[in-house]
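Contents: one structure, followed by commentary.
The sequence lines fix the lettering, A, B, ..., with proteins before strands; numbering per chain opens at 1.
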Amino acid sequence: MNFIKALNHKPAFKPSINLSILEAHLPKCQSPKQLNQVLSQMIFTGFIRDTFAASRVLKCSADSPFVHIDHSLQIFNHIENSNGFIWNTMMRAYVQRNSPEKAICLYKLMLDRNVGCDNYTYPILVQACTIRLSEFEGKELHNQVFKTGFDSDVYVQNTLINMYAVCGNMGDARHLVDESPVLDSVSWNSILAGYVQIGDVDNAKYIYGMMPERNTIASNSMIVLFGRTGRLIEALQLFNEMPEKDMVSWSALISCYEQNEMYEEALVLFMKMKANGIMVDEVVVVSVLSACAHLSLVKTGKIIHCLVVKIGIESYVNLQNAFIHMYSTCGDIIAAQKLFNGGCHLDQISWNSMISGYLKCGSVEIAKKLFDSMPNKDVVSWSAMISGYAQHDHFSETLALFQEMQLDGLSPDETTLVSVISACTHLAALDLGIWIHAYIKKNGLKVNVILGTTLIDMYMKCGCVENALEVFYGIEEMWVSTWNALILGLAINGLVDKSLDMFSEMKRCGVVPNEITFMGVLGACRHMGLVDEGYRHFNSMIQEHKIEPNIKHYGCMVDLLGRAGMLKEAEELIETMPMAPDVATWGALLGACKKHGDNKMGERVGRKLIEFQPDHDGFHVLLSNIYASKGNWDGALEVRGMMMRHGVVKTPGCSMIEAKGVVHEFLAGDKAHPWMKEIEDKLDEIAKKLKMEGYAPDTNEISLDIDQEEKETSLFRHSEKLAIAFGLIAISPPTPIRIMKNLRICNDCHAAAKFISRAFNREIVIRDRHRFHHFKQGSCSCTDYW
DNA sequence: ATAGGGTTAG
């Protein structure tokens with residue numbers, strides 16, 4: 001709209017116009033169109049030359065949120081005989097519409113044109129500097145205020161105090177207060193707000209004490225300050241002593257509780273507030289919803305939602321976001337989704353909490369779709385998605401997303417790294433794990449308890465006991481889980497004595513063991529066949545620590561007894577345990593029967609297990625091997641027939657080995673690897689050397705009725721042997737050859753690995769389904785008990 | 001002569 005267009009509008013009323021008619025019409029002007037009608041009338045009659053009348057029209061235009069600022073500027077530019085009031089109006093319009101720099105430009109023009117500034121000019125300009133957080137320009141203004149003498153105006157002074165306080169320059173703010181002869185309650189509140197903002201309790205208390213009269217705003221600010229600095233008692237005391245509490249006072253105290261994680265107290269106070277008939281606004285509801293989210297009180301959240309609708313404040317954006325967060329945190333993803341789909345101006349937290357909400361209820365794919373469609377992903381979004389993948393066992397995706405996050409230029413925080421390290425643990429990706437540990441050190445991230453525990457677990461489950469211990473001794477705080485990772489880790493790495501020592505040390509430090517601790521302790525005993533010691537811990541668990549053993553503890557004991565050859569005792573324990581034994585319990589006994597050659601019991605248990613779980617390949621294989629080891633080929637063939645009928649396929653042995661950051665996979669009998677020729681040559685070399693060392697292949701476990709030579713060949717194609725041969729070629733000493741196997745290592749491979757470690761002077765570490773085997777100079781850390 | 005300015009809670 002411009003003046004030419006304005007002229008085309010029909011005059012709204014008769015040609016005669018005066019101030020009283022204008023004053024009567026202006027308040028009714030709601031739209032640019034109506035304003036233009038008045039304007040055209042004024043131009044038509046020449047009334048626009050009346051400076052006072054023109055200033056009234058400009059003010060009306062500037063104050064209307066529906067009129068564009070450029071339109072006001074056109075009016076401004078056409079006003080003849082402008083004055084300070086008109087310039088002030090224009091500058092204020094710019095500040096109000098968040099263009100403080102344009103207000104400052106106008107001020108410079110004002111000085112050039114010698115338009116007189118007045119005491120109203122400076123508060124506007126100081127406010128402009130405050131919005132820009134430009135203390136430099138503010139100081140410049142302060143000088144000019146000083147020269148013009150407007151510093152005696154309390155309004156001018158208060159905006160200056162506020163400006164310094166908002167910029168954090170409490171020295172200059174305080175100087176103004178100390179020197180001023182004209183202080184009103186706003187002056188005091190402004191300087192107080194500055195101290196509250198920087199958390200300076202001493203100076204805030206001093207100012208509050210100096211105030212000639214305490215007003216509610218000042219007391220409210222003090223409550224906020226006490227809350228932010230954790231002084232709940234002082235906040236409550238002040239609240240109780242206040243003669244007049246307003247909505248903000250209640251809201252401030254509720255927010256104190258909320259920020260100090262006293263969520264119940266926050267909710268109780270909110271109920272009290274409502275019972276006292278105090279008005280509720282969107283600000284206090286946000287605090288209360290956060291409390292509901294933390295307490296997972298979705299019902300209370302819903303009641304508050306009804307209240308919000310009843311009082312008609314549900315359309316506040318902040319409230320919508322808070323409700324989305326509350327619902328998704330409480331697991332009511334349906335309610336969250338409804339708001340999310342209908343919401344506008346959703347903030348980052350809403351997106352992030354929707355992603356977490358979907359992940360929490362297991363909808364990984366939906367979460368990923370939302371994540372992909374998200375406009376701005378922050379560290380929290382990435383972290384939520386990465387840890388969601390890890391929690392749902394999508395470990396490769398976890399690592400892939402982590403790489404993507406870094407390509408996106410974002411730095412992971414401690415929370416993200418915990419998930420990534422845990423994925424490394426599951427994939428035995430030691431190189432990446434070591435890289436992340438180095439990243440943590442390089443970037444000065446704090447190894448907190450959780451991160452430390454995760455690292456210990458990772459190193460232990462990758463067979464790096466030394467590194468795990470280094471982390472353990474380097475962290476400040478230890479939880480039960482930290483000790484558990486250590487005890488369990490030492491046990492699976494064959495350091496049983498050290499594991500049990502650490503259990504004593506843990507108790508000596510006053511840490512109370514839990515049921516997971518005893519999985520580690522009993523596991524340690526199992527790995528060394530310490531039957532008596534195992535029983536002692538099992539009993540102390542019940543009597544001393546009042547922990548009811550679960551089915552896994554019983555399974556562990558059955559395994560301990562069975563492996564030690566006490567098959568009868570093991571079976572008795574199964575029959576007397578207080579809960580129904582599961583497949584794993586019987587499976588442990590079957591393994592023991594195989595180890596100790598008890599074919600009668602083995603057949604009985606094996607058949608029971610196959611009946612129990614006809615699709616389990618391991619039990620069939622064990623039973624068939626039991627028959628084969630005693631030359632009962634009919635039995636073995638029958639089991640193989642059952643497997644065929646049930647469609648059970650034997651899981652092929654698979655070994656993984658990481659070389660130069662790449663994971664290589666070998667299956668039993670595999671010929672697919674590009675280096676197969678070199679690997680076969682190496683296997684021949686190994687075979688020759690081993691024969692010289694006196695190694696004889698152990699063909700007992702091969703159930704196929706094939707001749708001896710073929711048996712030996714197939715034995716020599718076991719996946720772990722292929723991996724060892726590859727490791728000898730691809731990994732240069734003294735780096736140990738680290739291999740992860742999906743099944744348990746077989747007798748022959750175990751014997752061969754021992755020989756190889758001596759003949760080639762190489763350390764070999766094999767992680768099988770159950771534990772680690774560290775082969776060094778012809779012996780294994782498991783002391784051949786496994 | 002007349003009009004217009006600042007502060008607090010998440």
Checklist line | Sidechain-backbone polar pair: A:Asp347 side chain, A:Asn321 backbone, donor-acceptor under 3.5 Å | finding: no

Note to self: Side chain of A:Asn189, heavy atoms from C-beta onward: which of B:dG4, B:dG10, B:dT7 has the nearest atom to it?
What the structure shows: B:dT7

Margin query: Counting only heavy atoms and a strict 4.0 angstrom limit, can you tell me which residues of residues 79-94 of chain A come near DNA chain B?
Written below: A:Phe85, A:Asn88, A:Arg92

Next item on the list: State whether A:Arg228 places a side-chain N or O below 4.0 Å from either non-bridging phosphate oxygen (OP1 or OP2) of B:dA9.
Entry: yes

Margin query: What is the separation between atom CG on A:Leu225 and atom P on B:dT8, rounded to the nearest whole Å?
Written below: 14 Å

Check: Expressed in angstrom and rounded to an integer, what is the separation of A:Glu213 atom CD from B:dT7 atom P?
Finding: 19 Å

Notebook entry, point to check: Quick one, which residues of residues 152-173 of chain A touch DNA chain B with a heavy atom under 4.0 Å?
Noted result: A:Asp153, A:Tyr155, A:Val156, A:Asn158, A:Thr159, A:Asn162

Margin query: Side chain of A:Val283, heavy atoms from C-beta onward: which of B:dG10, B:dT7, B:dG4 has the nearest atom to it?
Written below: B:dG10

Check: Strictly by modelled atom types, are A:Asn162 and A:Thr159 linked by a side-chain donor-acceptor pair under 3.5 Å?
Finding: no

Checklist line | Output field: ring centroids A:Phe76/A:Trp87 closer than 6.0 Å | finding: yes

Pairs under 3.5 angstrom only: tabulate donor-acceptor contacts from the side chains of residues 277-293 of chain A to other protein residues two or more places apart or in another chain.
{"from": "A:Asp281", "atom 1": "OD1", "to": "A:Val283", "atom 2": "N", "distance (Å)": "3.1"}
{"from": "A:Asp281", "atom 1": "OD1", "to": "A:Val284", "atom 2": "N", "distance (Å)": "3.2"}
{"from": "A:Ser290", "atom 1": "OG", "to": "A:Glu258", "atom 2": "OE2", "distance (Å)": "2.5"}

Item checked: Interatomic distance, A:Leu289 CG vs B:dG10 P [rounded to whole Å] -> 15 Å

Check: Between the main-chain N or O of A:Met42 and the side-chain N or O of A:Thr45, is there a donor-acceptor pair closer than 3.5 Å?
Finding: yes

Next item on the list: Return each pair, listed once, that meets side-chain hydrogen bond (donor to acceptor under 3.5 Å, both in side chains) where at least one residue sits in residues 219-230 of chain A; pairs must be two or more places apart or across chains.
Entry: A:Tyr208-A:Ser219, A:Asn220-A:Asp246, A:Asn220-A:Ser249, A:Thr229-A:Arg231

Notebook entry, point to check: Between A:Asp378 and A:Val380, is there a donor-acceptor pair closer than 3.5 Å when you use the side chain of the first and the backbone of the second?
Noted result: yes

Next item on the list: Please confirm whether any donor atom in the side chain of A:Asn119 sits under 3.5 Å from an acceptor in the base of B:dG4, or the reverse.
Entry: no

Checklist line | Whole angstrom value for the distance that separates C1' of B:dA9 from CD1 of A:Ile278 | finding: 14 Å

Margin query: According to side-chain contact (heavy atoms from CB on, under 4.5 Å), who are the partners of A:Met271, at least two apart in sequence or on a separate chain?
Written below: A:Thr300

Checklist line | Nucleotide of B:dT2, B:dG10, B:dT8 approaching A:Asn318 most closely (side-chain heavy atoms) | finding: B:dG10

Note to self: Check the phosphate of B:dG10 against A:Ser287, side-chain N and O only, distance under 4.0 Å to OP1 or OP2. Yes or no?
What the structure shows: no

Notebook entry, point to check: For A:Asp118, which contact category applies under a 4.0 Å heavy-atom criterion: base, sugar-phosphate, or nothing?
Noted result: base

Next item on the list: Round to the nearest Å and state the distance from A:Leu141 atom CG to B:dG5 atom C1'.
Entry: 14 Å

Check: Given B:dA9, B:dT8, B:dG10, which nucleotide is nearest the side-chain atoms of A:Asp281?
Finding: B:dA9

Checklist line | Nearest to side-chain heavy atoms of A:Val248, which nucleotide of B:dA9, B:dG10, B:dG4 | finding: B:dA9

Margin query: Between A:Gln127 and B:dG5, is there a contact of a side-chain N or O with OP1 or OP2 at under 4.0 Å?
Written below: no

Check: With sequence neighbours excluded, what pairs up with A:Ser187 under the side-chain contact (heavy atoms from CB on, under 4.5 Å) test?
Finding: A:Val154, A:Asn158, A:Ile161, A:Leu183, A:Asp184

Next item on the list: Among the candidates B:dA9, B:dG4, B:dT8, find the nucleotide nearest to the side-chain atoms of A:Ser251.
Entry: B:dA9

Next item on the list: Grab the CG-P distance between A:Asn321 and B:dG10 for me, whole Å please.
Entry: 17 Å

Checklist line | Value in whole Å for how far the P atom of B:dA9 lies from CH2 of A:Trp250 | finding: 20 Å

Next item on the list: Counting heavy atoms from C-beta on, name the nucleotide in B:dT7, B:dG4, B:dG10 closest to the side chain of A:Ser190.
Entry: B:dT7

Next item on the list: Verify the distance criterion only: is there a donor paired with an acceptor across the side chains of A:Tyr327 and A:His305 at less than 3.5 Å?
Entry: yes

Notebook entry, point to check: For the ring pair A:Phe270 and A:Trp250, is the centre-to-centre distance below 6.0 Å?
Noted result: no

Notebook entry, point to check: CG of A:Asp184 versus C1' of B:dT8: gap in Å, rounded?
Noted result: 15 Å

Margin query: Under 4.0 Å, counting only non-hydrogen atoms across every strand here, what does A:Thr216 touch: a base, just sugar-phosphate, or nothing?
Written below: nothing

